[in-house]
J.: 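Before I ask anything, let me first share the structure, which is written out below as structure tokens.
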Protein chains: 4
Amino acid sequence: MQLIVNPSDELPIYRQIMRQITEAIAGGRLKSGDRLASHRELSEQLVIAPLTVKKAYDELEALGYIDTQRGRGTFVSAHLPEIDRADQTIQLQEAARRLLAQAYLAGLSLADTINLLKTADRELTDGPAVPQAKESA
Amino acid sequence: MQLIVNPSDELPIYRQIMRQITEAIAGGRLKSGDRLASHRELSEQLVIAPLTVKKAYDELEALGYIDTQRGRGTFVSAHLPEIDRADQTIQLQEAARRLLAQAYLAGLSLADTINLLKTADRELTDGPAVPQAKESA
Amino acid sequence: MQLIVNPSDELPIYRQIMRQITEAIAGGRLKSGDRLASHRELSEQLVIAPLTVKKAYDELEALGYIDTQRGRGTFVSAHLPEIDRADQTIQLQEAARRLLAQAYLAGLSLADTINLLKTADRELTDGPAVPQAKESA
Amino acid sequence: MQLIVNPSDELPIYRQIMRQITEAIAGGRLKSGDRLASHRELSEQLVIAPLTVKKAYDELEALGYIDTQRGRGTFVSAHLPEIDRADQTIQLQEAARRLLAQAYLAGLSLADTINLLKTADRELTDGPAVPQAKESA
DNA sequence: GTGGTCTAGACCACC
DNA sequence: GTGGTCTAGACCACG
């Protein structure tokens with residue numbers, strides 16, 4: 001599992017890490033029980049402070065995505081969280097609206113945007129083609 | 001043009017304003033040449049500091065969405081920015097991937113997510129049904 | 001003498017007018033005794049408030065470039081001002097430095113920039129080829 | 001990197017800061033990757049409000065000259081902006097025309113003005129001899 | 001420590 | 001009235 005981090009990105013580094021891990025879970029590239037790299041390993045790999053990685057893991061654990069077992073390591077949670085549907089749906093609906101607004105400003109149509117989603121579906125399961133880029137404004 | 005702002009939202013207030021204005025442009029509710037409320041006026045309406053509105057306007061101007069004329073007011077730009085297509089497409093593709101990842105984590109399918117987009121299309125042109133909510137990570 | 005004004009320009013409108021008139025004098029297209037358009041005429045031509053034109057004329061008169069004769073009109077001054085050399089030279093030296101800095105940032109060389117000046121020399125006497133554009137930042 | 005600011009100058013303080021930094025980049029005294037003083041630090045040095053410095057930095061970032069990294073500092077951009085050549089050339093050509101018009105009004109010749117540029121070239125790489133002066137109209 | 005945001009209030013220039 | 005600038009001080013999030 002290769003992560004990439006961009007310190008100039010508007011999104012905090014620990015959130016970039018969280019996002020990549022949750023996306024990997026969503027895409028099925030990480031499964032319940034899979035072991036994650038330790039803080040130390042990951043922080044060396046990404047050339048960032050170990051505390052930053054720890055914060056990402058802590059938050060992911062609080063959200064129920066991963067479990068830390070002292071002395072053994074960190075693993076993708078056996079029972080992934082079932083998020084409150086009502087709340088989640090509102091958030092997703094808004095995220096969809098934002099995506100579409102961006103697309104319209106760029107001159108794309110609804111159909112174009114749907115195609116983006118279909119491409120995204122392939123990317124998610126294979127891992128991103130293009131590593132990581134700037135958070136859109 | 002009715003804006004709504006939520007100070008406890010994770011997204012900064014000036015960004016909430018920016019987003020609502022760009023979405024209004026994307027949805028066709030604001031057109032080139034339309035006059036925006038002055039930053040003082042809007043700040044009273046929203047019960048926030050004038051500088052906060054001004055910051056939103058400044059950034060929108062830097063991005064090319066609006067034009068300000070000293071002593072006269074602020075207007076939707078006559079020539080809306082044509083952003084670099086290549087760069088734009090990458091950003092949109094990533095935004096699509098993030099949306100889909102969120103949706104999958106919530107248990108939705110690709111088809112469900114496409115339906116979200118279709119609903120968003122209606123919202124964009126009419127104005128958002130639900131005012132404003134938290135920025136999802 | 002055709003003037004052009006851009007309300008979106010950072011430079012105030014009255015200053016845009018002042019600049020174009022002084023440039024015309026510098027280039028020899030306006031000579032001592034030449035008659036300028038009246039406030040009224042010019043404000044109609046440019047579609048701006050008469051007060052704005054008046055302010056430009058007032059300032060030019062205060063600087064000694066033009067003379068207003070009540071009931072007769074406004075004329076290019078018979079004795080154009082001789083500006084304080086010492087002060088003027090410092091200002092020019094700085095203006096030159098700013099021009100060169102801009103040019104360097106754009107990738108031009110000193111020689112390129114000198115060529116710009118030579119072209120400008122021709123433009124000044126003939127009137128600008130390209131009407132008027134944004135004040136550079 | 002020593003900056004100097006003049007609050008009574010017609011040019012806003014934040015612009016004076018912007019100009020000095022871009023000129024330092026143009027003259028090669030600041031290079032990609034160099035770290036700038038934090039806006040707090042600089043504001044103490046210059047005895048102005050931190051927000052004023054921040055505004056200068058924000059604008060420079062929007063223009064692509066510098067990058068900020070939360071918690072780490074502000075750096076000269078690794079990829080300095082390559083501005084649209086066509087547009088840039090028009091702006092430079094106008095700036096040259098304005099400089100020359102000023103020079104002519106002061107009684108200088110084309111040759112004199114070219115010499116000003118040559119002097120400016122030396123100043124730019126060494127840092128300005130004369131600190132800062134009034135924006136000429 | 002860094003940058004990011006927000007406030008309340010001031011003064012100026014322009015139209 | 002409009003936008004443009006600046007201040008002094010506050011609180012937060014990040015690394």
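Chain A is the first sequence line, chain B the second, and so forth, proteins listed ahead of strands; every chain is numbered from 1.
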J.: Where the side chain of Leu51(D) is concerned, which of dT2(F), dG3(F), dG9(F) is the nearest nucleotide?
T.: dG9(F)
J.: For Asp9(D) and dC6(F), what is the distance between atoms CG and P respectively, to the nearest whole Å?
T.: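 Taking CG of Asp9(D) and P of dC6(F), I get 10 Å after rounding.
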J.: Using every non-hydrogen atom in the two residues, find where Ile13(C) and Pro7(C) come nearest and quote the distance to one decimal.
T.: CD1-CA, 4.2 Å
J.: Got a salt bridge between Arg97(A) and Glu23(B), using NZ or NE/NH1/NH2 to carboxylate O under 4.0 Å?
T.: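 Looking at Arg97(A) and Glu23(B), the cut-off is met.
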J.: Is the CZ atom of Arg35(B) crowded by more than 12 outside heavy atoms at less than 6.0 Å?
T.: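 Atom CZ in Arg35(B) is crowded, with more than 12 foreign heavy atoms closer than 6.0 Å.
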J.: Write down the distance between CD1 (Ile48(D)) and P (dG9(F)), rounded to a whole number of angstrom.
T.: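 Distance, rounded to whole Å: 16 Å.
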J.: Quick check against the 3.5 Å criterion: does Gln102(A) have a side-chain atom that pairs as donor or acceptor with the backbone of Leu92(B)?
T.: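 Looks like no, no N/O pair under 3.5 Å.
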J.: Nearest to the side chain of Ala49(B) - dT7(E), dG4(F), dT2(E)?
T.: dT7(E)
J.: Apply side-chain contact (heavy atoms from CB on, under 4.5 Å) to Ile48(A) and Ile17(A), showing your working.
T.: CA-CA 11 Å; Ile48(A) 57 179; Ile17(A) 295 173; 3.9 Å; yes
J.: Side-chain N or O of Ser38(D) versus OP1/OP2 of dT2(E): is the shortest distance under 4.0 Å?
T.: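 Looking at the OP1 and OP2 atoms of dT2(E), one of them is under 4.0 Å from a side-chain N or O of Ser38(D).
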J.: Looking at Thr74(D), I'd like to know whether one of its side-chain N or O atoms comes within less than 4.0 Å of OP1 or OP2 on dG3(E).
T.: yes
J.: Nearest whole angstrom, please: distance from the P of dC6(E) to the CG of Leu11(B).
T.: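 In whole Å, dC6(E) P and Leu11(B) CG are 9 Å from each other.
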J.: Round to the nearest Å and state the distance from Asn6(C) atom CG to dC15(E) atom C1'.
T.: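 Between C1' of dC15(E) and CG of Asn6(C): 15 Å.
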J.: To the nearest Å, give me how far apart NE2 (His39(D)) and C1' (dT5(E)) are.
T.: 11 Å
J.: Report the distance from atom OG of Ser32(D) to atom NE2 of His79(D), rounding to the nearest 0.5 Å.
T.: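 If we round to the nearest 0.5 Å, Ser32(D):OG and His79(D):NE2 are 8.0 Å apart.
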J.: Please state how far atom CE in Met18(C) lies from atom P in dA13(E), giving the value in whole angstrom units.
T.: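 Rounded to whole Å, this separation is 15 Å.
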J.: Nearest nucleotide by nearest heavy atom, which residue falls closer to the 5' end of DNA chain F, Pro50(D) or Glu41(B)?
T.: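 Its nearest nucleotide lies further toward 5', so the answer is Glu41(B).
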J.: OP1, OP2 of dT7(F) versus side-chain N and O of Thr52(D): anything below 4.0 Å?
T.: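 Thr52(D) to dT7(F) OP1/OP2: side-chain N or O found under 4.0 Å.
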J.: Could you list the protein-to-nucleotides 11-13 of chain F atom pairs, N/O on both sides, closer than 3.5 Å?
T.:
none

J.: Pick the nucleotide of DNA chain E nearest each of Arg35(D) and Arg72(B); which residue has the one closer to the 5' end?
T.: Arg35(D)
J.: Could you tell me how far apart Lys54(D) (NZ) and dT2(E) (P) are, to the nearest whole angstrom?
T.: 14 Å
J.: Can a donor-acceptor pair be found, under 3.5 Å and without considering hydrogens, that links the side chain of Glu59(C) to the backbone of Met18(C)?
T.: no
J.: Find out whether Val53(B) and Ser43(B) are in side-chain contact, i.e. whether some heavy atom of one side chain is under 4.5 Å from a heavy atom of the other.
T.: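 Contact flag for Val53(B)/Ser43(B) side chains = yes.
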J.: For DNA chain F, write out the stems as range with range, using runs of 3 or more consecutive Watson-Crick or G-U pairs with both distances under 3.5 Å.
T.: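 Stem list for DNA chain F: E:1-14 with F:1-14.
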J.: Nearest-Å distance, CG (Asp58(B)) to P (dC6(E))?
T.: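 Asp58(B) atom CG is separated from dC6(E) atom P by 14 Å.
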J.: Flag the pair Tyr57(A) / Ile21(A) as yes when at least one side-chain heavy-atom distance between them is below 4.5 Å, and no otherwise.
T.: yes
J.: Does Gln2(D) reach the side chain of Gln45(D), with side-chain heavy atoms less than 4.5 Å apart?
T.: yes
J.: If you look at every strand shown and take non-hydrogen atoms under 4.0 Å, does Glu61(D) touch a base, only sugar-phosphate, or nothing?
T.: nothing
